[in-house]
Amino acid sequence: MDSVEKNFERTLVTSALPYANGHIHLGHIAGAYLPADIYVRYLRLRGVKALYVGGSDEHGVPITLTALKEGVTPKEVIDRYHTANTAAFQRLGISYDIYGRTSWPLHVDTTQRFFKALDAGGYIHTEEMELWYSPQLERFLPDRYVKGTCPKCGYTDANGDECERCGAQYAAHELLSPRANIPGDASSPVLRKSRHWFLDLPKFEAPLKAWLDGHPEWRPNVKGIAYGWVNDLRSRCITRDTDWGVPIPVDDPDAENKRIYVWFDAPIGYVTNTRQWAQDKLRDANGWEIWWKDSGTRMIHFIGKDNVPFHAVIFPAMLMGQGDYILADNVVGNEYLNIFNRQTGKSEKGSKSRGNMISVRWAVDNLPVDAIRYYLCAIAPESKDSDFDWDEFMNRYNGELCDVVGNFVHRCLTMTVKNFAGRVPEAGELEAADKEMLDAIPRQMAAIAESLEGFKFRQAVERFIDLGRKANVYFDAAKPWVTRKTDMARTGATLYVCCQVVKALCFAMTPFMPGGAAALAATLNLALPNNGPDGGEDAWAAAVAPLPAGSALNAPQALFPKLDRERIAELAEAHRQGEAF
RNA sequence: GGCGGCGUAGCUCAGUUGGUUAGAGCAGUGGAAUCAUAAUCCACGUGUCCGGGGUUCGAAUCCCUGCGCCGCUACCA
């Protein structure tokens with residue numbers, strides 16, 4: 001909590017912009033979205049000024065190829081997925097302050113400003129390249145859309161510039177028997193010359209190293225990948241032969257049929273969307289600048305590991321080239337969530353061709369949101385890949401969230417409401433065990449906060465469950481159902497203490513399970529704060545203040561209904577049949 | 001090939017800057033309890049800390065090396 005409050009006045013949180021060429025799935029959520037959302041919800045509870053920015057990434061060649069295949073316009077493709085993904089995030093409770101689009105007109109301006117500043121700084125030059133061109137489609141093809149025979153080992157399914165089998169890398173013209181890797185394109189691609197714009201990454205080597213050296217606290221996987229790049233920087237092509245993207249802001253006929261590379265403009269989308277937010281919400285065209293240019297802003301990127309080079313090397317270099325932008329304080333890169341296949345006993349990478357993806361829209365149609373959030377947080381792939389497994393999903397949700405925490409809350413509130421007329425009892429005389437339990441509350445809350453602030457979400461949710469475990473032990477030892485028969489004052493003391501735990505649990509669960517938290521807050525007649533980017537009261541700190549004796553309680557309901565084994569088996573089977581997308 | 005991450009109990013994983021008999025949850029066995037969402041609590045662990053070598057009074061932790069899994073390798077977004 002120190003680093004959040006001591007050094008920074010506000011926190012800007014971003015989640016990677018999902019590509020608007022498909023539905024988001026649980027793998028995306030576990031890595032880049034749920035941890036970010038939990039973090040932001042925590043900051044808001046603490047009253048920290050926090051802005052959470054996301055949006056759709058809507059440019060690039062793959063979208064145009066999807067449009068081509070379906071016989072629709074690229075605009076129709078991005079509208080479809082932007083709408084679907086916006087709804088999916090909303091239903092899962094991913095609480096963006098703004099979920100924007102790189103197709104917004106404002107984004108052309110932001111992107112071109114970035115490009116021009118880099119150009120003016122001498123960080124951009126042009127080079128002539130030889131690229132694959134499809135005579136049939138009359139367009140250039142990125143390497144991923146060209147296959148052929150490896151010149152080194154003869155593998156017939158080699159990529160355009162690299163062989164998956166023998167690992168060889170080669171120039172485009174060395175590939176044998178090139179063919180387009182696009183359904184419906186039977187032509188043989190040919191090489192054509194094309195002039196492109198390059199970002200001079202080597203010029204940023206020293207500042208990038210200094211910046212990375214200043215952040216030893218980052219996750220090892222992120223630092224490893226970032227240093228790997230920074231120790232061998234090369235210029236990077238930032239334009240493409242396509243008409244779907246931001247026009248290159250140069251006065252040059254060669255730029256006419258080209259656009260800025262989608263990977264250059266995607267992270268700039270964070271800036272655009274902040275600008276749009278300031279315009280819409282603050283009605284202040286300059287209101288975004290404090291979030292990007294003031295040293296009091298702490299910027300945190302949440303991404304999957306595939307995104308590390310862009311967020312820990314390229315985008316920071318682009319920001320450095322602007323002159324007046326801040327850099328990220330942390331890049332929280334996650335590994336991947338795989339799918340565990342019970343039939344084979346093996347972990348599988350999620351892929352469309354395998355049909356083993358679980359889309360968010362399918363998940364929220366069939367499962368409680370809190371259950372999804374709980375499980376995905378509990379297995380977040382923070383240091384290595386993890387597996388989604390149906391049996392584990394049910395066992396952990398039922399056995400931990402429902403049985404340990406949910407049931408504790410329920411047994412405590414039920415007894416209290418029945419025996420004390422729906423009010424928190426008087427504390428009366430507290431014994432050693434009571435005081436110990438009360439003392440454990442702030443201790444455990446601090447431990448959860450420490451985990452969250454260190455981006456250790458699995459640990460945080462585990463510590464949350466631990467508070468429930470401690471409470472059950474206390475409850476069992478105090479035996480209020482026994483003392484009730486002989487000593488109502490003692491029973492009242494026990495339940496008073498338990499009610500304090502329940503209140504803390506309510507606040508502690510808010511970032512992870514906002515649905516359950518809202519239901520519990522209603523039962524306790526507590527108001528959870530609704531802080532926004534302007535910050536507010538530190539409700540997390542207030543969570544450990546006691547719920548006064550006499551406070552009215554409503555009849556409790558099960559916060560987290562248990563999942564039915566047969567229903568889960570049905571869903572697992574549907575998933576196995578490829579119906580979960 | 002180069003680079004990075006990971007390898008700890010049947011399973012999933014924790015193990016700060018090297019320090020007493022290496023921990024938790026789940027599963028399993030036995031017991032207690034009956035307030036509660038048939039939910040809880042207590043007891044029970046002979047683990048080659050992936051193998052090998054080294055540094056050290058002392059290594060799961062640091063160094064070297066081998067093996068295994070995963071990923072990246074710059075035109076996949």
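Chain naming here is simple, since letters A, B, ... match the order of the sequence lines and numbering starts at 1 in each. Quick caveat: nothing in here was measured; it's all calculated off a predicted structure.
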If you measure from the [atom1] atom in [N] to the same atom in [M], how many Å do you get, rounded?
N      : M      : atom1 : answer
B/rU46 : B/rA22 : P     : 11 Å
B/rA60 : B/rC42 : C1'   : 31 Å
B/rU17 : B/rA59 : C1'   : 14 Å
B/rC67 : B/rU48 : C1'   : 15 Å
B/rG23 : B/rU34 : C1'   : 32 Å
B/rG58 : B/rG2  : C1'   : 37 Å
B/rU61 : B/rU8  : P     : 14 Å
B/rC63 : B/rG18 : P     : 11 Å

Worksheet item: A/Asn181 has an atom CG; how far is it from atom P of B/rA77, in whole Å?
Response: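 From A/Asn181 CG to B/rA77 P: 13 Å.
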
Practice prompt. May I have the distance from A/Tyr375 (atom OH) to B/rU12 (atom P), rounded to whole angstrom?
Written response: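 Spelled out: OH on A/Tyr375 to P on B/rU12 is 11 Å.
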
Fill in: Nucleotide-resolved protein contact map, nucleotides 34-41 of chain B, B/S/- at heavy-atom distance under 4.0 Å
SBBB-SBS

Worksheet item: Does atom CG of A/Asp391 have more than 12 heavy-atom neighbours, drawn from other residues, nucleotides or ligands, at distances under 6.0 Å?
Response: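 More than 12 within 6.0 Å, yes.
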
Discussion item. Using salt bridge (charged side-chain N to carboxylate O under 4.0 Å, His left out), reason through A/Asp434 and A/Arg490 one step at a time and then give a plain yes or no.
Written reply: CA-CA 10 Å; A/Asp434 305 323; A/Arg490 183 87 287 272; 2.6 Å; yes

Worksheet item: For A/Ser383, which contact category applies under a 4.0 Å heavy-atom criterion: base, sugar-phosphate, or nothing?
Response: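 Contact class for A/Ser383: sugar-phosphate only.
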
Practice prompt. Classify the nucleic acid contact of A/Phe140 as base, sugar-phosphate or nothing, counting any heavy atom under 4.0 Å across all strands shown.
Written response: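 If one applies the 4.0 Å heavy-atom cut-off, A/Phe140 turns out to touch nothing in the nucleic acid.
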
Polar-atom pairs under 3.5 Å, protein N or O versus N or O of nucleotides 60-71 of chain B: list them with distances, or write none.
unit_1: B/rC70; atom_1: O2'; unit_2: A/Asp385; atom_2: OD2; d: 2.7

Worksheet entry | A/Asp243/A/Arg139 under salt bridge (charged side-chain N to carboxylate O under 4.0 Å, His left out): CA gap, chis, key distance, verdict | CA-CA 10 Å; A/Asp243 61 358; A/Arg139 59 164 72 202; over 6 Å; no

Discussion item. Contact list please: residues 367-374 of chain A against RNA chain B, heavy atoms, distance less than 4.0 Å, in numerical order.
Written reply: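 Contacting residues: none.
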
Worksheet item: Rounded to the nearest 0.5 Å, what separation is found between the OH atom of A/Tyr123 and the NZ atom of A/Lys203?
Response: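 Reported to 0.5 Å precision, the distance equals 7.5 Å.
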
Fill in: Qualifying residue for side-chain contact (heavy atoms from CB on, under 4.5 Å) with A/Arg236, from A/Phe264, A/Tyr261, A/Phe198
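Of all the options given, the one that passes is A/Tyr261.
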
